[in-house]
Amino acid sequence: MNNYPFAEIESKWRRKWEQGGLYTTNMQKTAKKCYCLVMFIYPSAEKMHIGQWYNYGPTDTWARFKRMQGYNVFEPIGYDAFGLPAENYAIKEGIHPALSTAENISFIREQLKVIGAMYDWSKEIDTSSPKYYRWTQWLFLQLYHQGLAYRKKAPVNWCPSCQTVLANEQVIEGRCERCDSEVTKRDLKQWFFKITDYAERLLEGLDRIDWPEKTKLMQRNWIGKSVGTEISFQLAGGGEPLTVFTTRPDTLYGATYMVLAPEHPLAEKLTVPSKRKESALYIEKTRRESEIERTSLNKEKTGVFTGSYAINSINGEKIPIWISDYVLLTYGTGAVMAVPAHDQRDYEFAQKFNLPIKWVIRPEGEELGDRGEAWVDSGIMFNSGEFNGLPSEEGGKRIVETLQKKGLAKPKVNFRLRDWLISRQRYWGAPIPIVYCERCGEVPVPESELPVELPFEVDFKPTGTGESPLTTSPTFVRTRCPRCGDQARREVDTMDTFICSSWYYLRYPNPNYNYGPFDPELVSKWLPVDQYVGGAEHAVMHLLYARFITKVLYDKGLINFDEPFLKLRHQGTITNAGARMSKSRGNVVRPEEYIADYGSDSFRMYLMFMGNYELGGEWDSSGINGVFRFLNRVYRLFNEKGGSQNDDFDLTSKEDKALWWRLNYTIKKCTQDLEGFHFNTAIASLMELINDLYRYSHPRNPLFGFCLLRLLLLLAPFAPYLSEELWHLSGGEDSIFRQRWPTYDPEALKEEEITVVIQVNGKLRSDIRVSPYIGEEELKESVLSDVKVKRHIEGKRIVKFVIVPKKLVNLVVR
Ligand SMILES: [Zn+2]
Ligand SMILES: [Zn+2]
């Protein structure tokens, strides 16, 4: 038997859909609106890889399902076109980034069209076009005028290879996220967005959105709220007291020394003359280390004694003040009270430098003794004067009260979140709309003068000095001051591309809107995004920034919602040879080779059939044949027997009833699974249905044609090209995607249930009610999800599944 002519079918429908405008969303029709969005694409030279296919194909299947359920679906796509990957490629190949990006976009657009998604091509956006970045600059100005964008000299992460600063989020274990070089520190004047002003609200909003718990947790940890106390320690030599932040005031009697961050303004002042040389060397050395290195638990502790002492505010003991890199200036106050008995880092430090370790908390009813490590849990206080015997929480509170009366403590909330560093010393980005004038200082470019265009004729390679390549363009740099008209210099840094992507979802409904960044009327109707799908690696970058910007715009009264993405799902990662696919590893799977052999529908369906969508898994091409065979079987059945809308039939034989049950069961299963992104099990149920149709012995019975056509409707979101073709072959009009998603008859599923008893290792453990027509795999699934069965097989391996049809299942476990 020949394979079905997928190439012909797919190119035909691609053309017809586009000509007929089938996927142009009517933006005025907002009843049952469904804004389904995938994270847009980097137009890199590597073109579209399997990871993007895995993001876009299945999401489109979900969107098509919603469309057939009667939703007015809006599914746009665009290009996140600025940024390092495009620029690094341009530098390597000597091609201007604007040209290579344009070329990559036109190539990727064709690749995207092959997927056969419902993208509304009239809504495409490209963040590197002046028409778009004019509004990215506008956004910068809004933050600037709100006091949320500011410039300051700060130690920043510097990638010596990319020659640019990096945001904290772009530093992975001390290395550059892009090129894996070791990141160092530099003091540079940089632009920041004050995301810290929104820390509390970024936390609160998480409770109102349907996102994977893991992602919410990552954001919560990244924001890192801790409620605690600021305690002041007097210095033995007099002067301003030293303030520390702690969440464990109950351990105060155990504070045996203090530690300052090397950058702490008092670090030098408190160092006695005899220690100055040693301390200066140490401080200089730590400047080259990343925060993650410094705070790593495994790192050998280092430090220097300042020669000065503080007074423990609760017991008056004189304790030494040290300097060490494991304390960060950017967290808390940059100084800590060290309690080696009850904090592991302090413990290691004390061990190394022979500092006293004083135990003050023990578990209830137990003694501690030297355990070789810190006891970090709360418990009962001892060695703590009048607070002895109190539980940690109560004792801690009392200590704070006592200190508060003396003015030595106050409640304090701390966040781990830092401001967002947004300036980049790179060419390929949106210029920051600021001008420096000798007379007026820092002056924002008026909105009417936007965009500040990125000049084309520039040596775009990094300058080697750390300055932006735009410095080398006199025509760009030299300008007039918008305020006084004098000669002035333009800001030469460009914006982090995460700003471009922090608001793009607002632009899609009307990407040609000229009076503002987005069409307020359409945005109020279509936003927030109903379903967002993209990689989990964006948890604390894009997904946090977009939430922040949404809240800023909400506060300005420009939008009427403050969370951009109501629902979020992450596609899993597809690995090859056990590793994430990458060009450098040489394990990239090209979608094109499979599409040429099996067609786009088979490839899309196989990606969904491979495993759980949110878990991903190892790429194994051997299974694609099975999916291809399934589509061929569907095609053959339609060609030989044909589907029909005729529902005038009776269920007479046992066989009829079994098929009718199967159809209704499949509709129910497919609907539920699609709703929850469980594509693989939905496809498995379609395969069961086709098996039953092949087995059915009266294909002339109208029931058969009816079931076959229902199968096609269920298949449509998974294999859009083939389904459209077969719809027309069966005399269908218009498009299958304008048909209604089938619903099932609950009565058909209840009828004639039977009891199957379940044994585990020969012992009766449970029983379940199932349909007599249930397939073996479905039966196994039902058995394994039975609560009583679960209890008896927990932690054991299933060796054998014995099935006596319609009666009994015995599980052999070990
Ligand atoms: Zn780098
Ligand atoms: Zn001026």
Side-chain angles (χ1 to χ4, degrees), residues 42 44-46 80 82-93 97 100 141 144-145 151 154-188 190 287-293 420-429 431-450 452 460-469 476-498 537-538 540-542 580 582-585:
Y42 262 137
S44 78
E46 288 173 43
D80 192 8
F82 272 141
L84 280 181
E87 187 171 359
N88 284 345
Y89 174 77
I91 292 163
K92 199 174 104 218
E93 303 293 323
S100 66
L141 292 178
Y144 185 82
H145 296 309
R151 192 168 177 248
V156 295
N157 303 305
W158 173 260
C159 174
S161 164
C162 296
Q163 295 194 6
T164 188
V165 303
L166 302 169
N168 287 338
E169 291 86 338
Q170 291 171 307
V171 181
I172 313 293
E173 285 169 14
R175 293 180 175 275
C176 169
E177 176 207 41
R178 289 267 154 244
C179 71
D180 215 30
S181 304
E182 210 166 311
V183 171
T184 57
K185 288 277 174 186
R186 268 199 181 187
D187 274 331
L188 289 170
Q190 298 290 332
R287 287 173 57 80
R288 291 191 294 272
E289 298 168 344
S290 73
E291 287 192 2
I292 290 158
E293 262 180 278
W420 173 13
L421 195 162
I422 59 110
S423 44
R424 296 289 181 273
Q425 292 68 53
R426 295 296 296 237
Y427 167 69
W428 194 233
I432 294 174
I434 291 286
V435 157
Y436 301 102
C437 165
E438 292 247 328
R439 202 178 317 176
C440 319
E442 187 181 287
V443 183
V445 174
E447 280 177 26
S448 59
E449 287 174 27
L450 298 182
V452 175
F460 50 79
K461 288 181 207 66
T463 55
T465 61
E467 275 189 305
S468 163
F476 177 81
V477 174
R478 260 187 250 132
T479 185
R480 294 261 159 214
C481 168
R483 205 165 281 162
C484 71
D486 255 14
Q487 284 231 339
R489 283 175 55 87
R490 277 195 195 282
E491 170 64 66
V492 289
D493 287 358
T494 54
M495 282 185 248
D496 182 2
T497 52
F498 278 116
E537 68 274 17
H538 295 287
V540 294
M541 292 190 271
H542 163 61
R580 187 182 268 273
S582 81
K583 209 175 163 188
S584 58
R585 286 196 195 95

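Each ligand, and each atom within it, is numbered from 1 in the order the structure gives. Because only heavy atoms are used, hydrogens play no part in the values below, and waters and symmetry mates are left out as well, while side chains stay in.
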Review point. Hey, what's the angle at the Zn ion (ligand 2) spanning SG (Cys437) and SG (Cys440), nearest 10 degrees?
Key: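 Output for this angle: 110°, rounded to tens.
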Tell me if a side-chain donor or acceptor on [X] pairs with a main-chain N or O of [Y] at a distance below 3.5 Å.
| X | Y | value |
| --- | --- | --- |
| Ser181 | Cys176 | no |
| Thr497 | Phe82 | no |
| Glu491 | Ile432 | no |

Check your understanding: Can you tell me how far CD of Glu537 sits from NE2 of His542, rounded to the nearest 0.5 angstrom?
Key ->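 His542 NE2 to Glu537 CD: 10.5 Å, rounded to 0.5 Å.
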Exercise for review: To 10°, measure the SG(Cys179)-the Zn ion (ligand 1)-SG(Cys159) angle for me.
Suggested key: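 That angle is 100°.
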Practice item. Can you tell me, to 10 degrees, how wide the angle at the Zn ion (ligand 1) is between SG on Cys162 and SG on Cys176? Key: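 Rounded to 10°, it measures 120°.
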